[in-house]
Amino acid sequence: MQIRNAEPSDAQALAALWTVAFPGRRTAADRVRQLETGIPYGGIESAYIAEERGRLIGAFRAYRLTEWIAGSPLPMLGLAAVATAPDARRRGVGRALCRHAIRLGRGRGDVVSVLYPFRPSFYHGLGWGLVGELHAYRFAPDALPEHVEAAGVRPAGAGDRDEITACYARVAERSNGPIDRDARAWAHHLDPPGVYAFVFEDDVVRGYLTAHFARRRDARGATLRVRELVAEDETARRGLLGWISAQRDAFREVRYDARPDERLDLLLSDPRPPRHGAVRPLWFPVAGRTRGPMLRVLDVPAALAARRHWGGPPGVGLTLEIEVEDEEAPGNRGPWEVAIEERGARVHPRRGGGYDARLAIGAAAFAQVYAGELTPRDAARLGLARIDGAADALERAFRLPMPFWLGDEF
């Protein structure tokens with residue numbers, strides 16, 4: 001088996017493979033157009049194919065993106081569309097494709113990788129760990145409070161795109177998980193038919209939401225689907241939520257996948273979904289918990305050195321020893337000495353001497369700890385890590401103020 005960069009002449013074969021591997025509404029022609037236009041995250045240049053005796057047996061896409069984690073912009077490999085031809089399955093082709101992607105990402109300087117798994121256990125075994133979650137809410141609009149700040153919300157116009165993108169960029173830079181978006185990505189988010197954008201403006205755009213209005217079946221049956229809600233501050237957030245509340249006469253139901261820290265369960269006057277059933281005799285459902293992206297650290301010392309946000313008081317002089325068991329990238333093992341300072345950390349191979357805390361951990365669990373998904377102590381409790389020394393200091397070091405969230409799917 002040989003793996004090589006795809007060429008324009010491979011587009012039809014790639015589209016046919018992915019249409020079989022990922023059945024749905026997208027046709028082969030749709031996939032060819034995406035390869036040609038590059039919308040949303042890259043075109044044919046991002047595709048790699050596996051061949052055996054001149055026949056296409058597998059493929060993947062390796063997007064070049066930038067992701068904000070723990071206050072730092074990290075070069076990221078977006079791994080997508082990992083597919084094996086039906087007559088080549090159960091032969092290790094998918095694993096070989098992923099291993100090639102890991103080497104590719106490390107070779108071109110990517111620090112982390114993100115993917116959406118077809119089966120989490122498969123990618124977990126290769127060093128990716130689940131990060132982030134969303135709470136899928138269904139509620140009546142009048143369950144949200146009415147906020148006077150809703151007066152600052154208006155429909156977005158064609159001239160608002162630059163301000164929307166600037167607003168998103170400012171929020172992303174202080175968040176944990178979102179990626180930088182170029183013009184192609186914004187076309188994917190703002191331009192599809194049936195998608196409407198609204199902005200909260202106070203001199204400048206400080207928040208926005210995108211929504212889809214489901215087809216009305218009866219006088220009270222319409223659904224408002226909030227696709228994305230981004231706000232720079234609580235005033236903007238109150239304005240956007242107040243706008244949703246004000247739609248109570250037009251929509252019976254709102255559907256919104258919220259971050260856990262938004263705490264809609266406490267904000268909604270009735271957080272129960274419409275027409276809900278009991279889950280226990282005296283308990284009721286509130287939202288469905290959904291998981292999606294998986295994260296892998298491709299370059300452990302680079303990720304540690306780039307990290308700007310370390311929990312606890314700055315300048316404490318904390319020294320950690322970190323060893324990562326990574327079968328796919330042995331160079332990640334270390335152990336690494338991490339000297340945390342006020343403005344970041346100095347990282348180098350362990351040279352001996354004392355440390356405040358030591359963490360030995362597998363690659364998938366390390367990715368989860370790095371992104372704030374899993375605390376070091378919980379990793380140890382679950383048998384995924386070993387801690388020596390000051391566990392409290394280690395907990396503090398990796399604590400992040402915001403949960404991981406990624407609004408892009410690829």
Side-chain angles (χ1 to χ4, degrees), residues 25 37 39-41 134-175 178-259 262 264 267-269 274 405-409:
R25 289 179 296 178
T37 64
I39 295 174
Y41 305 108
L134 294 173
H135 292 176
Y137 285 90
R138 295 171 50 227
F139 57 89
D142 60 6
L144 277 174
E146 297 183 77
H147 295 302
V148 296
E149 292 87 348
V153 178
R154 61 169 175 80
D160 291 314
R161 180 162 303 207
D162 287 347
E163 290 228 41
I164 290 173
T165 60
C167 173
Y168 172 87
R170 291 190 295 269
V171 173
E173 288 177 6
R174 65 172 194 250
S175 299
I179 64 172
D180 284 348
R181 293 175 180 170
D182 63 13
R184 295 178 304 184
W186 278 112
H188 173 71
H189 282 276
L190 297 178
D191 295 345
V195 173
Y196 299 88
F198 297 84
V199 297
F200 176 87
E201 186 177 41
D202 183 5
D203 296 327
V204 298
V205 170
R206 291 162 43 204
Y208 70 90
L209 65 80
T210 57
H212 173 76
F213 306 149
R215 180 175 298 175
R216 186 184 297 269
R217 294 183 177 179
D218 56 57
R220 292 184 51 81
T223 297
L224 172 64
R225 181 73 168 90
V226 178
R227 294 162 57 99
E228 181 169 81
L229 190 154
V230 172
E232 289 192 59
D233 50 46
E234 284 307 307
T235 300
R237 183 174 300 281
R238 286 167 61 89
L240 294 167
L241 293 176
W243 178 88
I244 295 172
S245 174
Q247 309 311 306
R248 60 187 65 190
D249 292 331
F251 299 98
R252 182 176 65 181
E253 181 177 294
V254 177
R255 298 193 177 200
Y256 174 44
D257 297 338
R259 298 194 311 272
E262 294 184 70
L264 288 193
L267 184 62
L268 294 166
S269 62
W405 63 274
L406 177 59
D408 295 68
E409 299 175 5

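Quick caveat: nothing in here was measured; it's all calculated off a predicted structure.
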Practice item. With rounding to the nearest 0.5 Å, note down the distance linking CG in Leu406 to OG in Ser175. Key: 11.5 Å
Check your understanding: Are Val205 and Phe200 side-chain neighbours, meaning at least one heavy-atom pair lies under 4.5 Å?
Key -> no
Check your understanding: Do Val230 and Leu209 have side chains that get closer than 4.5 Å, going by heavy atoms?
Key -> no
Exercise for review: Answer whether the closest heavy-atom distance between the side chains of Thr223 and Val254 falls below 4.5 Å.
Suggested key: no
**Study point:** Closest contact, heavy atoms only, Ala250 versus Ala222
**Key:** O-CB, 3.7 Å
With a cut-off of 3.5 Å and sequence neighbours excluded, list every side-chain donor-acceptor pair involving residues 185-197.
residue, atom, partner, partner atom, Å
His189, NE2, Asp408, OD2, 2.9
Asp191, OD1, Arg161, NH2, 2.3
Asp191, OD2, Arg161, NH1, 3.4

Review point. Does any donor atom in the side chain of Glu228 or Tyr168 lie under 3.5 Å from an acceptor atom in the other side chain?
Key: no
Practice item. Give a yes or no on whether the backbone of Arg259 and the side-chain of Glu262 come within a donor-acceptor separation of less than 3.5 Å. Key: yes
Check your understanding: Would you call Asp160 and Tyr208 a side-chain contact if the rule is heavy atoms closer than 4.5 Å?
Key -> no
Point to revise | Residue pair Arg206 / Glu201, side-chain heavy-atom distance below 4.5 Å | key: no
Check your understanding: So how far is it from Arg255 CZ to Arg227 CZ, rounded to the nearest 0.5 Å?
Key -> 14.5 Å
Check your understanding: Would a 4.5 Å heavy-atom cut-off, applied to side chains only, mark Glu253 and Pro274 as touching?
Key -> yes
Review point. Between Tyr256 and Phe139, is the gap from one ring center to the other below 6.0 Å?
Key: no
Practice item. Please list, chain by chain and in numerical order, all residues satisfying ring pair (Phe, Tyr, Trp, His ring centres under 6.0 Å) with Phe198, sequence neighbours excluded. Key: Trp243
**Study point:** Heavy-atom closest pair, residues Ala150 and Gly242
**Key:** CB-C, 3.6 Å
Review point. Do Val226 and Ile244 touch side chain to side chain, with heavy atoms closer than 4.5 Å?
Key: yes
Could you pull out every donor-acceptor pair under 3.5 Å between side chains of residues 140-149 and any protein atom, sequence neighbours left out?
residue, atom, partner, partner atom, Å
His147, ND1, Arg238, NH2, 3.3
Glu149, OE2, Arg238, NE, 3.1

Practice item. Answer yes or no: is there a side-chain heavy-atom contact under 4.5 Å between Tyr41 and Asp182? Key: no
Check your understanding: Which pair of non-hydrogen atoms, one from Arg174 and one from Asp233, has the smallest distance, and what is that distance?
Key -> NH2-N, 4.2 Å
Practice item. Output the distance between atom OG1 (Thr210) and atom CD1 (Ile164), rounded to the nearest 0.5 Å. Key: 9.0 Å
